There are 4 protein chains.
Amino acid sequence: MERLTAEIRAFAEERDWQQFHTPKNLTMALAGEVGELLAEFQWLTPEQSAEVMSDPEAGARVKAEIGDVMIYLTRLADVLGVDLVEVALMKLAEAAGRYPVAEARGSAEKRRATDNRGVAGS
Amino acid sequence: MERLTAEIRAFAEERDWQQFHTPKNLTMALAGEVGELLAEFQWLTPEQSAEVMSDPEAGARVKAEIGDVMIYLTRLADVLGVDLVEVALMKLAEAAGRYPVAEARGSAEKRRATDNRGVAGS
Amino acid sequence: MERLTAEIRAFAEERDWQQFHTPKNLTMALAGEVGELLAEFQWLTPEQSAEVMSDPEAGARVKAEIGDVMIYLTRLADVLGVDLVEVALMKLAEAAGRYPVAEARGSAEKRRATDNRGVAGS
Amino acid sequence: MERLTAEIRAFAEERDWQQFHTPKNLTMALAGEVGELLAEFQWLTPEQSAEVMSDPEAGARVKAEIGDVMIYLTRLADVLGVDLVEVALMKLAEAAGRYPVAEARGSAEKRRATDNRGVAGS
C-alpha cells in the first residue's frame, strides 16, 4: 500500500495535478469511478454477477474499474492523511460490536450506530 | 492488506453473511458508502474540504466513511479474486502512458482511452 | 414540474442558500442522496426489491430518498437551465435509435453510442 | 411527466426489458448515470461548474447525462408506484420545517431529521 500511495503521489506531482486533487474533487472522482463499476453489474442477476470474472471482456472491465476506484481512494486518503487499512480495521471492529455473531448470524437487518439493542455499542 | 482482507472475510463468514455478499450487492454497498462520504463534502468549498480533518467531528465522520468504503472495496475484490493494489498499479501505469508528463502537466483535460493524440496509448 | 422547480428555488432563496447551490455541489448532493437510495436495496434480492413498497417502513424510506433525489435533480436542472423532461425525451429517442425493437428485444447487451452494429446510430 | 413516464414504459415493454427493470437494477443504473454526471464536474472549480453550459461540448454532455438520470429515476418511480413530484414536494415541506428561514438563513449546517433544535420537527 505504501508503494501505491507513493506512486500515485509522484504521478500527480509530476503532472502538477495537486491543484485538482482537493478532497472535494477526489471524492467526486471516486464516486464517478464507482458509478462505472456499478454499470458493469446493473443488469446482471446476483448469480451472473458472481460469474463476471469468467467473461474475459466483462472481467477486464471490472478489474479496470476497481483499479480506478482504488487509485482515487488511495489518493484521497493520502491527501487527508488517513491510513486506509487502519480506518477500515477500526470500522470493522465497531461493526463486530454492533453485530455480535450470536445475534447477527444470517440476518442482513441493519443496526444503526445509535441502536443499543443487545450490542456492545458503536 | 492481507490481514484486512482476511479479517473482513472472517467477519462475514462468522455471521453467515456470504449469502448477501454477491458482487452485485457489494458494489451497491460500496456506492452507498461513497454517497455518505460525498455528503461530508457537498457544501464545502474546495478550500474547506482541504481543512476538513482539522474539525474533530467532521474529521471523525470522514475517517469513518473512508473506513466503510475500504471495507466494501476490499470485500468486493476478495469475492472477485482481484488484487486491489495490483490492479491499481496497472491502471496507474496505463494512465502514465495516456498522460505523458510533458503534455499533461497542469492540465485536467481528459484523454479517453481510445484517443491517440500524442500518447503511447492505453 | 414547474411548480416543484419554483418551490425549490423559493426554498433556496429564502434561506440565502444559492451560494451553496453551484452545479458542482448540487451534483454531489444528488449523488449522496442516490447513495442513500442504493442502501435501501443493497442487501435485497431483485424479488425482494420489487416488494419493498409493501413494507411500510422500508417503503416510507424509499419514498423519502426518491423525494430527496428528485429535489436535487430538479434544482440542478434549474440552476443549469436544463428542462428535465425535454432532455429525458431526447435521450429516450436516441436510445430508441440505438436499440431498435427488432434487434434489442429481450437482450440487455449494451450498445455504445459509437457502435454501428445494425442500428440507426445515436 | 406523465407523457415521459408512459414513453419510458412503452420503450421498455416493446423491448421486453421489464425483466431487467427490478427496483434493484434501476437504482444501480440511476447511480451509474449519476456517476457519469459527477465526472463532468469533478475537476472543475465551483465557478467553472456554473459556466459549464457555455461550453458547447461540455454542456451537451451534461444535458445528456441529466437526461439519462431523469429516465432511470422516472422509470424507478413508475415501477415502484411513486409519484416523483408528489414525494419531492413532501420532502421539501419537511425540510422547510427542519430549516426555518429565520434560523437557517445563510448556513449550510445540517440538521438531522431527529434533531429538535428549534425546528418544527421532521
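Fair warning: this is a prediction, and the values are worked out from it, not measured in the lab. A note on names: the letters A, B, ... follow the listed sequences, proteins ahead of strands, and every chain is numbered from 1.
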Highest number of heavy-atom pairs under 4.5 Å with chain B: which of [options]?
options	value
A:T45, A:V69, A:L44, A:V62	A:L44
A:P23, A:A77, A:G59	A:P23
A:V34, A:T27, A:I8	A:T27

Is chain A contacted by the side chain of [X], its backbone, both, or neither, given a heavy-atom distance below 4.5 Å?
X	value
B:L73	side chain
B:T74	neither
B:D68	both
B:V101	both
B:Q18	neither
B:Q19	side chain
B:L76	side chain
B:E33	neither
B:A95	both

Side chain, backbone, both or neither: which part of A:Q42 has a non-hydrogen atom closer than 4.5 Å to chain B?
-> backbone

B:K91 NZ: over 12 foreign heavy atoms closer than 6.0 Å | yes

Pairwise side-chain contact, [X] with [Y], heavy-atom cut-off 4.5 Å (strictly under):
X	Y	answer
B:T22	B:L26	no
A:M70	B:M70	yes
A:I71	B:L89	no
A:R75	A:R9	yes

Quick one: do A:L4 and A:E7 satisfy side chain to side chain contact (heavy atoms under 4.5 Å, CB included)? Show the steps, please.
-> CA-CA 5 Å; A:L4 176 63; A:E7 294 210 7; 5.5 Å; no

Report, one line per pair, each donor and acceptor closer than 3.5 Å where one atom sits in a side chain of residues 51-58 of chain B; sequence neighbours left out.
{"unit_1": "B:S54", "atom_1": "OG", "unit_2": "B:E51", "atom_2": "O", "d": "2.8"}
{"unit_1": "B:D55", "atom_1": "OD1", "unit_2": "B:E57", "atom_2": "N", "d": "3.0"}
{"unit_1": "B:D55", "atom_1": "OD1", "unit_2": "B:A58", "atom_2": "N", "d": "3.2"}

Cation-pi, B:F11 ring and B:R15 (6.0 angstrom, 45 degrees) = yes

For A:E2, which residues count as a side chain to side chain donor-acceptor pair (under 3.5 Å) partner, sequence neighbours excluded?
-> none

In short, A:A31 meets B:L38 closest at the heavy-atom pair CB-CD1, 3.7 Å

Name the member of B:A50, B:A102, B:A64, B:G81 that forms the most heavy-atom pairs with chain A at distances under 4.5 Å.
-> B:A64

Looking at B:Q48, B:M90, B:M1, which has the largest count of heavy-atom pairs under 4.5 Å with chain A?
-> B:M1

